[in-house]
Amino acid sequence: MISRIDLRGDALPEGGALRDLLPRAEFDVEAALEKVRPICEDVHHRGTAALIEYAQKFDGVTLEQVRVPAEALKAALDELDPAVRAALEESIRRARIVHREQRRTEHTTQVVPGGTVTEKWVPVERVGLYAPGGRSVYPSSVVMNVVPAQEAGVESIALASPPQKEFGGLPHPTILAACALLGVDEVYAVGGAVAVAMFAYGTSGPDGCLPVNMVTGPGNIWVAAAKRYFTGRIGIDTEAGPTEIAVLADSTADPVHVAADLISQAEHDPLAAAVLVTDSAELADAVERELEPQVAATKHVEDRIKPALAGKQSAIVLVDSLEDGLKVVDAYGAEHLEIQTADAAAWAARVRNAGAIFVGPWAPVSLGDYCAGSNHVLPTGGCACHSSGLSVQSFLRGIHIVDYTRDALAEVTHHVVTLAEAEDLPAHGAALKARFGWKVPNQ
């Protein structure tokens with residue numbers, strides 16, 4: 001059901017050589033980009049008409065308008081299962097607790113007497129958030145995108161999710177209910193790359209969408225390709241690839257827990273990655289034995305879980321020691337990394353590359369997906385070695401405010417002129433000389 005990679009016996013290679021030994025899903029955004037490009041430009045030129053046409057082509061629905069009416073949002077919330085509403089409200093509450101603490105404050109540094117640099121944090125003016133609606137529907141992703149944007153102080157928030165034939169061309173009602181709970185009233189029934197193009201270019205008309213400054217949210221390869229296409233025109237969070245879990249475990253781990261957690265990610269998608277890294281062959285054997293009955297007892301077995309576990313992106317990786325295991329998980333840079341070892345907190349503290357780290361047997365990835373208070377929009381495909389998950393900081397821009405008096409400028413002018421001339425940019429120095437009658441102070 002799942003393959004093995006045996007890295008025992010020899011010294012582990014360094015850097016890229018080690019990364020190349022580890023399992024990873026194939027996710028060719030560049031190839032998808034060529035198919036996405038004409039769709040994006042069509043949206044640019046035809047606006048809402050193109051959105052309606054693509055809804056028919058890709059989603060099988062005929063729309064008269066793409067903006068979701070306010071009454072549909074209210075109805076979705078009114079009809080929401082009370083237990084689901086309570087769970088969403090608790091998810092929102094916990095996410096707000098964590099994300100509110102992330103807000104940065106303005107800070108002024110006195111560099112010299114009379115010379116200060118202030119860094120102030122300004123939220124992005126308008127963002128477009130994407131909530132997937134393909135194999136599964138994720139109201140939790142609405143929470144994870146909206147809460148940090150709101151806590152950052154973003155004034156204008158729009159959300160898009162694919163139209164659903166089953167629901168008369170509207171996004172899934174649980175998505176709409178989550179929007180209503182969060183106070184997001186600008187919602188569009190638009191999916192995939194088409195939604196990203198709508199946000200990037202904007203559309204006109206009575207239900208038109210104003211262009212945004214930034215687009216965030218997970219999605220399939222077409223969403224990732226569209227984000228790449230528009231990078232520079234808009235800000236993005238990340239080009240999200242297939243979801244991943246890595247578990248670093250030793251002989252103290254419970255194989256029932258480990259198997260359940262690997263399956264929990266495999267049920268997302270046939271390209272989802274489930275990786276166990278362990279120094280215990282006995283644990284590896286026990287996890288393999290446990291996978292069979294647990295997989296048989298759940299849903300989505302043939303179309304998602306089995307292909308995901310059997311795919312080249314998933315494996316049990318055997319290492320000589322936890323020290324080697326730590327090197328492997330750092331090279332892998334998992335979206336979600338669980339530490340199920342003795343003294344798990346100490347090992348977790350040494351991890352350098354992960355989107356989020358889950359410590360010990362009582363902090364499974366599923367908790368982070370919904371109700372830990374952390375964010376589940378995280379870097380995939382090894383990008384955790386250089387990128388972070390979604391947070392309040394994602395929606396803030398740091399702006400430096402430089403304030404110098406005449407004396408403070410005079411004190412440093414000769415250094416500025418010297419550096420400008422060293423770079424063969426004499427006009428830079430002249431901009432300071434002009435303020436002092438073309439004489440350089442302090443020379």
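Fair warning: this is a prediction, and the values are worked out from it, not measured in the lab.
D320 places a side-chain N or O within donor-acceptor distance of the main-chain N or O of G9, the cut-off being under 3.5 Å. T203 places a side-chain N or O within 3.5 Å of a backbone atom of C209 that can act as its donor or acceptor partner. Not one N or O on the side chain of Y332 forms a donor-acceptor pair closer than 3.5 Å with the backbone of A246. A donor-acceptor pair is defined here as one N or O able to donate and one able to accept, closer than 3.5 Å; such a pair exists between the side chain of H376 and the backbone of D369. Of the possible polar contacts, one joining the R304 side chain to the E267 backbone as a donor-acceptor pair under 3.5 Å is found. Remark: the backbone N or O of K227 is not paired with any side-chain donor or acceptor of E239 at under 3.5 angstrom. Proximity of a side-chain donor or acceptor of Q393 to a complementary backbone N or O of Q102 within less than 3.5 Å is detected. The closest donor-acceptor contact from the side chain of S314 to the backbone of A308 lies under 3.5 Å. Using a distance-only test at 3.5 Å, with no hydrogens or angles considered, a donor-acceptor pair links the side chain of D237 to the main chain of G217.
Two rings, from Y138 and H268, have their centers less than 6.0 Å apart.
The minimum heavy-atom distance between P307 and V301, with the atom names listed, is CD-O, 3.7 Å.
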Check the pair R4, D285 against salt bridge (charged side-chain N to carboxylate O under 4.0 Å, His left out), reporting the backbone distance first and the verdict last. CA-CA 10 Å; R4 289 200 185 194; D285 292 340; 2.4 Å; yes
Tell me, with the steps shown, if Q265 and T243 meet side-chain hydrogen bond (donor to acceptor under 3.5 Å, both in side chains). CA-CA 7 Å; Q265 290 305 113; T243 192; 2.8 Å; yes
Given salt bridge (charged side-chain N to carboxylate O under 4.0 Å, His left out), test E89 with R85 step by step and report yes or no. CA-CA 6 Å; E89 287 174 338; R85 176 169 181 158; 3.0 Å; yes
Decide side-chain contact (heavy atoms from CB on, under 4.5 Å) for V122 and L396; before the verdict, give the C-alpha distance in whole Å, the side-chain angles of both, and the deciding distance to 0.1 Å. CA-CA 5 Å; V122 181; L396 295 174; over 6 Å; no
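Looking at R24 and E244, a side-chain N of the basic residue comes within less than 4.0 Å of a carboxylate O on the acidic one, giving a salt bridge. Using a cut-off of 4.0 Å between Lys/Arg side-chain N and Asp/Glu carboxylate O, K74 and D78 are scored as salt-bridged. Using a 4.0 Å cut-off between a side-chain N of Lys or Arg and a carboxylate O of Asp or Glu, R8 and D279 do not qualify as a salt bridge. Between K57 and E53, no side-chain nitrogen of the basic residue sits less than 4.0 Å from a carboxylate oxygen of the acidic one, so the salt-bridge criterion is not met. In summary, R100 and E151 engage in a salt bridge, as defined by a charged side-chain N under 4.0 Å from a carboxylate O.
Contacts classified as side-chain hydrogen bond (donor to acceptor under 3.5 Å, both in side chains) and involving residues 348-362 (residues at least two apart or in different chains) are given here: E323-R350.
Heavy atoms of other residues, nucleotides or ligands lying less than 6.0 angstrom from CD of Q56 number more than 12. The environment of CD in Q110 is crowded: more than 12 heavy-atom neighbours from other residues, nucleotides or ligands sit within 6.0 Å. Counted within 6.0 Å of CD on E41, heavy atoms from surrounding residues, nucleotides or ligands total more than 12; the atom is thus considered enclosed. Heavy-atom contacts from other residues, nucleotides or ligands closer than 6.0 Å to CD of E34 number more than 12.
Looking only at side-chain heavy atoms (C-beta outward), V275 and L22 stay at 4.5 Å or farther from each other. In this structure the side chain of L88 reaches within 4.5 angstrom of the side chain of L80, judged on heavy atoms. Side chains of F358 and I339 form no contact here, defined as non-hydrogen atoms less than 4.5 Å apart. Between T278 and L318 there is a side-chain heavy-atom pair separated by less than 4.5 Å. Contact of the P23 side chain with the I5 side chain is registered, since non-hydrogen atoms from C-beta on lie closer than 4.5 Å.
To the nearest 0.5 Å, atom CG of residue L7 and atom CG of residue D324 are 8.5 Å apart. With rounding to the nearest 0.5 angstrom, the CG atom of L271 is 11.0 Å from the NZ atom of K312. Between the CG atom of L378 and the OG1 atom of T238 there is a distance of 9.5 Å, given to the nearest 0.5 Å. The structure places CD1 of I2 at 6.0 Å from CG of L262, a figure rounded to the nearest 0.5 Å. D59 CG to Q164 CD: the interatomic distance, rounded to the nearest 0.5 Å, is 7.5 Å. A distance of 11.5 Å separates OG of S374 from CG of L390, quoted to the nearest 0.5 Å.
Considering only residues two or more places apart in sequence or on other chains, E186 meets the salt bridge (Lys or Arg N to Asp or Glu O under 4.0 Å) condition with R126.
Between F230 and Y201, the angle of the ring planes goes over 60°, which puts this pair in the perpendicular group of the 30/60° scheme.
The only member of S391, S388, P148 that meets side-chain contact (heavy atoms from CB on, under 4.5 Å) when paired with N375 is P148. Checking each of R228, R37, K35 against E30 for a salt bridge (Lys or Arg N to Asp or Glu O under 4.0 Å) leaves exactly one that passes, namely R228.
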